[in-house]
Amino acid sequence: MAEEAVLLRREAAVATLTLNRPDKLNAMDDSLRAGLMAGLDAVERDRDVRVAVITGAGRGFCAGGDIQKMVELKEGYHSAAFRRYLDAGHAVVRRIRQIPKPVVAAINGPAAGAGMNLALACDLRLASEQATFTQAFSRIGLHPDWGGTFFLPRLVGHGRALEIFWLGEPVTAQEAQRIGLVNFVVPPERFAEETARLAARLAAAPPLPMALLKQDLYERIQTELERVMESELEAQMKCFASEDFTEGLRAFQQKRAPKFRGG
Ligand code: T3D
């Protein structure tokens with residue numbers, strides 16, 4: 001039987017969703033997106049679960065959209081298929097924000113592209129010192145998605161956000177904490193223990209005010225998030241059709257620097 005793309009484990013009131021494509025640093029594909037949605041649905045349905053934790057198997061958290069999958073989409077060039085693919089990612093973001101329980105990103109290693117924005121969509125972020133955060137989109141000729149253009153400037157300010165988006169350089173865990181991108185950074189050997197400790201603290205809190213606070217804070221900005229995700233989608237459709245995106249994908253696969261010509 002095929003290994004599940006997202007593992008769901010429940011311990012006391014904490015549900016852990018583990019992204020499980022470790023050989024690809026948990027790069028996002030259809031099975032992983034669907035697994036995340038199913039896991040989040042289960043978290044919402046189960047009255048005994050009070051906290052969800054999203055983490056990655058192996059040495060990565062999530063390397064963003066699967067490059068091979070994007071090559072296939074680009075070769076077939078179906079804009080409707082690409083729109084569905086992007087919509088499915090944005091549905092995960094929406095789900096995380098709407099679940100009336102805390103959702104914690106426990107970032108064990110590299111988080112890149114949509115993987116970084118998945119972490120930003122969560123309510124709190126705890127990172128291992130081995131984690132890195134990369135808005136890798138510009139490196140392959142794409143626009144940020146998964147709500148990244150909404151979340152990142154709100155956390156770190158517009159100037160820093162543009163630097164991170166445009167240069168596409170990895171931000172270390174320590175720097176991420178310094179600029180407000182993550183709440184907690186812990187040494188790798190204490191990562192599991194500290195994740196469990198944070199989740200247990202949240203699980204012990206009174207569920208009703210926790211839920212009402214999340215709803216209250218996010219309701220005020222939900223319309224803006226929706227508007228931003230729609231404009232991300234339109235921008236991404238344009239980038240998807242570009243020659244520079246073809247070059248970005250090719251360069252990643254050939255492990256060389258891309259040469260963008262503006263086409
Ligand atoms: O829902 C949606 O999916 C929407 C669409 C989203 C669009 C995006 O997310 S665009 C951004 C896509 N992601 C990237 O461009 C990031 C690509 N990866 C990296 O830049 C680096 O791998 C990392 C910074 C994440 C980590 O670097 P490092 O040095 O620790 O690892 P590595 O050696 O680069 O990668 C290890 C393996 O994972 C490697 O395979 P190999 O050579 O050992 O066979 C590499 O090809 C593979 N891998 C890494 N990222 C991806 C990937 N395979 C497929 N897709 C990836 N995104």
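Counting convention: from 1, in listed order, for ligands and their atoms alike. Index from 1, following the sequence. It should be emphasised that the depicted structure is a prediction, and the values quoted were computed from it without experimental measurement.
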#### Entry: Identified side-chain contact (heavy atoms from CB on, under 4.5 Å) partner of Leu19 from the options Leu7, Leu25, Leu118, Thr55
Leu118

### Task
Considering only non-hydrogen protein atoms, determine which one is nearest to atom 50 (N) of ligand 1 and report residue, atom name and distance to 0.1 Å.
Ala63 CB, 3.3 Å

### Message
In the structure I gave you, are the side-chain heavy atoms of Ile221 and Arg97 within less than 4.5 Å of one another anywhere?
### Response
yes

### Task
Looking only at protein heavy atoms, identify the closest one to atom 25 (C) of ligand 1 and say how far it is in Å.
Ala112 CB, 3.8 Å

### Message
Would Gln236 count as a polar contact of ligand 1, with the cut-off being nitrogen or oxygen pairs under 3.5 Å?
### Response
no

### Summary
Tightest non-hydrogen contact, residues Ala106 and Val53, listed as CB-CG1, 3.8 Å

## Note on the structure
among protein heavy atoms, the one nearest atom 9 (O) of ligand 1 is Gly65 N, 2.8 Å

### Task
Look at atom 47 (C) of ligand 1 and say which protein heavy atom is nearest, naming residue and atom and giving the distance to 0.1 Å.
Lys24 CA, 4.4 Å

### Message
Heavy-atom distances under 4.0 Å decide this one: backbone, side chain, both or neither, for Ala114 against ligand 1?
### Response
both

### Task
Just go through Ala136, Pro144, Ser138 and tell me whose heavy atom is the nearest to atom 14 (C) of ligand 1.
Ala136

### Task
Work out which heavy atom in Phe260 is nearest to a heavy atom in Arg139; give both atom names and the distance.
CZ-O, 3.4 Å

#### Entry: Which segment of Ala27 sits under 4.0 Å of ligand 1 when only heavy atoms are counted
side chain

### Message
Counting only heavy atoms, tell me which of Gln253, Arg21, Lys255 gets closest to atom 42 (O) of ligand 1.
### Response
Lys255

### Sub-4.0 Å atoms of ligand 1 with respect to non-hydrogen atoms of Asp145
4 (C), 5 (C), 6 (C), 7 (C)

### Task
Taking the side chain as every heavy atom from C-beta outward, state whether Val71 and Thr246 have any atom pair closer than 4.5 Å.
no

### Test item: side-chain donor near acceptor, Gln253 and Gln68, under 3.5 Å
yes

### Message
If we only consider heavy atoms of Arg139, is any one of them less than 4.0 Å away from an atom in ligand 1?
### Response
yes

### Message
When you compare the side chain of Ile140 with that of Glu247, does any pair of heavy atoms fall below 4.5 Å?
### Response
no

### Query
On the ring face of Phe150, is Arg154 found with NZ or CZ under 6.0 Å from the centre and within 45° of the axis?
yes

### Message
Any heavy atom of Arg59 closer to ligand 1 than 4.0 angstrom?
### Response
yes

### Query
Below 3.5 angstrom, do we get any N/O pair linking Trp146 and ligand 1?
yes

### Query
For atom 26 (C) of ligand 1, which protein heavy atom lies nearest, and how many Å away is it?
Leu25 CD1, 3.6 Å

### Query
Do you know which two heavy atoms are closest between Ser128 and Ala173, and how far apart they sit?
O-CB, 3.3 Å

### Task
Indicate yes or no for a side-chain donor-acceptor contact from Lys74 to the backbone of Phe245 under 3.5 Å, with no hydrogens or angles considered.
no

## Note on the structure
A student comparing Asp29, Val92, Ile67 should find that the heavy atom closest to atom 54 (C) of ligand 1 comes from Ile67

### Query
Heavy-atom count around Glu243 CD within 6.0 Å, excluding the residue itself: above 12?
no

### Query
What's the shortest distance from atom 37 (C) of ligand 1 to any protein heavy atom, and which residue and atom give it?
Asp23 O, 4.1 Å

### Query
Does atom 34 (O) of ligand 1 have a protein non-hydrogen atom under 4.0 Å from it?
no

### Message
Counting only nitrogen or oxygen atoms and a 3.5 angstrom limit, does Phe137 reach ligand 1?
### Response
no

### Query
Is there a protein heavy atom less than 4.0 Å away from atom 2 (C) of ligand 1?
yes

### Task
State, yes or no, whether a side-chain contact exists between Val185 and Val182 at a heavy-atom distance under 4.5 Å.
yes

### Message
Tell me whether Val49 shares a hydrophobic cluster with Val92, the cluster being built from Ile, Leu, Val, Met, Phe, Trp, Tyr side chains joined at under 4.5 Å.
### Response
yes

#### Entry: Within reach of ligand 1, part of Ile140 (heavy-atom separation under 4.0 Å)
side chain

### Message
If I compare all heavy atoms of Ala257 with all of Ala251, which pair ends up nearest, and what's the gap?
### Response
C-CB, 4.1 Å

#### Entry: Lys69 heavy atom under 4.0 Å from ligand 1
no

### Query
Is atom 21 (C) of ligand 1 less than 4.0 angstrom from at least one protein heavy atom?
no

### atom 30 (O) of ligand 1 touched by protein heavy atom at under 4.0 Å
yes

#### Entry: Residue and atom name of the nearest protein heavy atom (relative to atom 24 (C) of ligand 1), distance in Å to one decimal
Thr134 OG1, 4.4 Å

## Note on the structure
On a heavy-atom basis, the closest approach of Pro102 and Met210 is CG-CE, 3.6 Å

### Query
Which protein heavy atom lies closest to atom 49 (C) of ligand 1, and at what distance to 0.1 Å?
Phe252 CZ, 3.9 Å

